[in-house]
Protein chains: 2
Amino acid sequence: MSTAEPPRPSFAETLEVRDRCLCFATQRAARALSRRFDDAFRPLELTNGQYSLMMALNQPQPPSLGRVADFLAMDRSTLTAALKPLVRRGLVAVAEDPRDRRGRRPSLTDAGRALLAAALPIWRETHAAVDAELDAAGAGPAELRAALWSLA
Amino acid sequence: MSTAEPPRPSFAETLEVRDRCLCFATQRAARALSRRFDDAFRPLELTNGQYSLMMALNQPQPPSLGRVADFLAMDRSTLTAALKPLVRRGLVAVAEDPRDRRGRRPSLTDAGRALLAAALPIWRETHAAVDAELDAAGAGPAELRAALWSLA
DNA sequence: ACAATATGGTTTGATATCAACATAAACTTC
DNA sequence: GAAGTTTATGTTGATATCAAACCATATTGT
């Protein structure tokens, strides 16, 4: 028969995905939260991703790039790219690992630490507001955190 | 005094952000879930974002770009860009809105609906696995979904 | 009808993201 | 110690993401 209907998902199936897909819900929330923290950090010309990355670098011993990427659940090549603007701005320095000549060890500069210190109260304030909204919605920030961490 | 210490966040503060930041946890989970669904959809050369977008277009009446962007909690300009590869592949067509000459109405083509129908069982399978893992971790998929939706 | 404003989309420029491939150094096995 | 393997990272090319500036069409106020 030449008049076969092409397969098509029903609208009910669309609603099923909309109402159930955790991937979609997470991407959506990630976009919304990104914007919110980006707005808050904007006076410092810092994005939420840069804030998280710099925080991850604020350790007693500089971690390897691989360890940072794993911690952020991010591709290694993404991390390489993400470091570039920070290095360019003098917030992060990348040193060679003396024990392994393949390895490179990123760390915050004094300027990076100073900027991160300035960002911290902004984070606290913004985060407290988000927490409060979740509580008001009965959503349980602690459980949400735990569930999100269990996904990666 | 010329030897003033530059301000620096303590390591304890770094741990506080790591353990409490919902923005970070959400970005991290979003990356991990993205990869997972991207892997699953790879045989169809479809990303999780393209899947969600196409699902959002599977409606009785083509929505406006603005409404789709709101629904995805995504910038309008992001949506414009995201549609391009789909239009190029002939999966989506964008028509003019007869009632408002500024407006454009995206909709799935037959090829788009067929691909989406092929993707649906892959989504079901992958999503069931994620759901099961969350349950096993005692994380409560339904509560997680509700919390994520309350953020946007 | 005209001017001012609002709305729907696009373009541009920057960063973010990943997969696939490439490179180099360390390690392992023989 | 040479060959093969694994590990750490970088490069390239594509899509995703946003804000800011912009253009065209509606809408509103007078």
Side-chain angles (χ1 to χ4, degrees), chain A residues 23-24 27-43 45-54 62-70 72-89 91 94-106 152, chain B residues 23-24 27-43 45-53 62-70 72-89 91 94-106:
Chain A
C23 185
F24 173 38
Q27 305 295 327
R28 191 184 135 94
R31 283 191 287 260
L33 278 178
S34 259
R35 264 193 300 275
R36 186 158 181 170
F37 279 85
D38 284 354
D39 283 347
F41 289 136
R42 196 174 316 278
E45 295 187 272
L46 208 58
T47 66
N48 78 88
Q50 292 172 332
Y51 175 78
S52 294
L53 171 50
M54 289 174 70
S64 72
L65 295 187
R67 270 196 57 75
V68 176
D70 283 348
L72 300 173
M74 164 188 292
D75 197 275
R76 269 70 52 98
S77 58
T78 303
L79 178 59
T80 299
L83 284 171
K84 284 183 180 171
L86 299 177
V87 170
R88 199 186 315 142
R89 287 174 64 187
L91 303 173
V94 182
E96 293 173 9
D97 185 335
R99 305 201 180 181
D100 184 337
R101 288 202 300 198
R102 297 167 302 182
R104 299 174 60 214
R105 301 281 174 157
Chain B
C23 184
F24 173 39
Q27 305 296 326
R28 191 184 135 94
R31 283 190 287 260
L33 278 179
S34 259
R35 265 193 299 275
R36 187 158 180 171
F37 280 85
D38 284 353
D39 283 347
F41 289 136
R42 197 174 314 282
E45 293 187 274
L46 207 58
T47 66
N48 78 89
Q50 292 172 331
Y51 175 78
S52 294
L53 170 51
S64 72
L65 294 188
R67 271 195 55 76
V68 176
D70 283 348
L72 301 173
M74 165 188 291
D75 197 274
R76 260 96 42 93
S77 60
T78 302
L79 179 57
T80 298
L83 284 172
K84 284 184 179 172
L86 298 177
V87 171
R88 199 186 314 142
R89 286 172 65 185
L91 303 172
V94 181
E96 292 173 11
D97 184 336
R99 305 198 179 184
D100 184 338
R101 288 203 301 198
R102 297 168 301 182
R104 301 174 60 211
R105 300 282 174 156

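Throughout, a chain's letter reflects where its sequence line sits, starting with A, and its residues are numbered from 1.
Candidate nucleotides C/dT17, C/dA19, D/dT25 were compared by shortest atom distance to the side chain of B/R42, and C/dA19 ranks first. Distances were taken from every side-chain heavy atom of B/R76 (C-beta onward) to each of C/dA16, D/dA20, C/dG8; the shortest belongs to C/dG8. Comparing D/dC18, C/dT17, C/dT15 by their nearest atom to the side chain of B/M74 picks out D/dC18. Here D/dC18 is the nucleotide among D/dC18, C/dA20, D/dT15 with the atom lying nearest to any side-chain atom of B/S77.
Judged purely by distance below 3.5 Å, without hydrogens or angles, the side chains of B/D38 and B/T47 never pair a donor atom with an acceptor atom.
Residue-to-nucleotide proximity on DNA chain D shows that, of A/T80 and A/R35, the 5′-proximal contact is made by A/T80. Residues B/R88 and A/A32 each lie close to DNA chain D; by heavy-atom proximity, the contact nearer the 5' end of the strand is made by B/R88. Remark on DNA chain C: of its neighbouring residues A/R101 and B/S64, the 5'-side contact belongs to B/S64, judged by nearest-heavy-atom nucleotide.
The base of D/dT9 does not come close enough to the side chain of A/R102 for any donor and acceptor atom to sit less than 3.5 Å apart. With hydrogens and angles ignored, no donor-acceptor pair under 3.5 angstrom links the side chain of A/T47 to the base of C/dA16.
Under a 3.5 Å cut-off, the side chain of B/R31 and the backbone N or O of A/L72 do form a donor-acceptor pair. In this structure a side-chain-to-backbone donor-acceptor pair under 3.5 Å is missing from B/T78 to B/M74. A donor-acceptor contact shorter than 3.5 Å links the side chain of B/Q27 to the backbone of A/A30.
Within 4.0 Å of B/D39, counting heavy atoms only, lie sugar-phosphate atoms of the nucleic acid but no base atom. Residue contacts for A/D38: at a heavy-atom cut-off of 4.0 Å it reaches no nucleic acid atom on any strand shown. Among the atoms of the strands shown, base atoms are found under 4.0 Å from some heavy atom of B/A81. Nucleic acid contact class of B/G66 (heavy atoms, under 4.0 Å, all strands): sugar-phosphate only. Residue contacts for B/G103: at a heavy-atom cut-off of 4.0 Å it reaches the sugar-phosphate backbone alone, with no base atom in range.
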Test log, rule salt bridge (charged side-chain N to carboxylate O under 4.0 Å, His left out), inputs B/R99 and B/D97
CA-CA 5 Å; B/R99 305 198 179 184; B/D97 184 336; 5.7 Å; no
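In this structure, the CG atom of B/D100 is 8 Å from the P atom of C/dG9, given to the nearest Å. The nearest whole Å value for the distance from the CD atom in B/E45 to the P atom in D/dT15 is 11 Å. In this entry the distance linking CG of A/L65 with P of C/dT23 reads 20 Å, nearest Å. A straight line from CG of B/L46 to P of C/dA19 spans 15 Å, rounded to a whole angstrom. D/dA24 atom P lies 19 Å from atom CG of B/D97, rounded to whole Å. Between A/R105 atom CZ and D/dA8 atom P the separation is 10 Å, expressed in whole Å. Taking atom CD of A/E96 as the reference point, atom P of C/dA25 lies 11 Å away to the nearest angstrom. With rounding to whole Å, B/Q27 atom CD is found 18 Å from C/dT15 atom P.
Close to C/dT11, at under 4.0 Å from its OP1 or OP2, lies a side-chain N or O of B/K84. At least one side-chain nitrogen or oxygen of B/T78 sits closer than 4.0 Å to the OP1 or OP2 atom of D/dC18. Phosphate contact (OP1/OP2 of C/dT17, side-chain N/O of B/R31, threshold under 4.0 Å): present.
When all heavy atoms are compared, the tightest approach of B/A32 to A/A152 is CB-CB, 3.7 Å.
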